[in-house]
Amino acid sequence: MRKASLIHFARQVINSPSSSHCRSFSSPPSNNKLFVAGLSWSVDEKSLKEAFSSFGEVSEVRIMYDKDSGRSRGFGFVNFSKEDEASSAKDAMDGKALLGRPLKVNFALDKVNREPVNTRHSNRGSTFGRSR
DNA sequence: GTTGAGCGTT
């Protein structure tokens, strides 16, 4: 019977070590998400990944492109496997230059859904009310 | 043939 063990465990969990809230006062959200900008308009995801994979394990690399122009917007996102690696890469690649252009690396914001929510429950009538 | 601050589905 280790019922007591659970209680002790719970007590330990409840008794947090000192008062540690969030030491991130001047740090934006995102743990392992990195925002990379200042990229050349000719850079690719693989290039960024190759450049950042040297500091840690890059889990995901996403570069934004323009649908109207077809060229890269000059900024992208890099996902690291660990926050330590992301921090290291950010501190190391931030201010450096890639492809002849200075890089701007920072923690990415918490954005994953371009649209909040879209429940398709419009037209509940039928063939009536059709304008066009 | 161009240009250069930024935080997302191209």
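So you know, we letter chains A, B, ... as the sequences are listed, proteins then strands, and number each from 1.
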Review point. Expressed as a whole number of Å, how far does the C1' atom of B:dT10 sit from that of B:dG6?
Key: 16 Å
Check your understanding: What side chain to side chain donor-acceptor pair (under 3.5 Å) pairs are there with at least one residue in residues 53-67 of chain A, not counting sequence neighbours?
Key -> A:D66-A:S69
**Study point:** Heavy-atom side-chain contact between A:L99 and A:L39 under 4.5 Å
**Key:** no
Review point. With a 4.5 Å heavy-atom cut-off, do A:K90 and A:N106 have their side chains touching?
Key: yes
Nearest whole angstrom, please: distance from the [atom2] of [N] to the [atom1] of [X].
X	N	atom1	atom2	result
A:F35	B:dC7	CZ	C1'	5 Å
A:D66	B:dA5	CG	P	17 Å
A:K33	B:dT9	NZ	C1'	14 Å
A:R71	B:dG6	CZ	P	23 Å
A:K104	B:dA5	NZ	P	7 Å
A:Y65	B:dG6	OH	P	22 Å
A:L103	B:dG4	CG	P	18 Å

Exercise for review: Identify whether any heavy atom of A:L39 sits under 4.0 Å from a base atom; if not, whether one sits that close to sugar-phosphate; answer base, sugar-phosphate or nothing.
Suggested key: base
Check your understanding: What's the spacing between A:N32 CG and A:E85 CD if we round to 0.5 Å?
Key -> 9.5 Å
Review point. For DNA chain B, which residues in residues 72-93 of chain A have a heavy atom at a distance below 4.0 Å?
Key: A:R73, A:G74, A:F75, A:F77
Study note, to complete from the structure: Between A:W41 and A:L109, whichever has its closest DNA chain B nucleotide further toward 5' is A:W41
Check your understanding: Between A:F80 and A:L34, does a side chain to side chain contact (heavy atoms under 4.5 Å, CB included) hold up when you go through it step by step?
Key -> CA-CA 8 Å; A:F80 278 85; A:L34 249 57; 3.8 Å; yes
Check your understanding: Under the salt bridge (charged side-chain N to carboxylate O under 4.0 Å, His left out) rule, what pairs show up with a residue in residues 34-51 of chain A, not counting sequence neighbours?
Key -> A:D44-A:K46
Practice item. Please determine, for the side chain of A:R62, which listed nucleotide (B:dT9, B:dG6, B:dT2) has the closest atom? Key: B:dT9
Exercise for review: Could you please name the option among B:dT9, B:dA5, B:dT2 that lies closest to any side-chain atom of A:M64?
Suggested key: B:dT9
Practice item. Following the transitive rule for hydrophobic clusters with a side-chain heavy-atom cut-off under 4.5 Å over Ile, Leu, Val, Met, Phe, Trp and Tyr, establish whether A:V78 and A:V105 coincide in one cluster. Key: yes
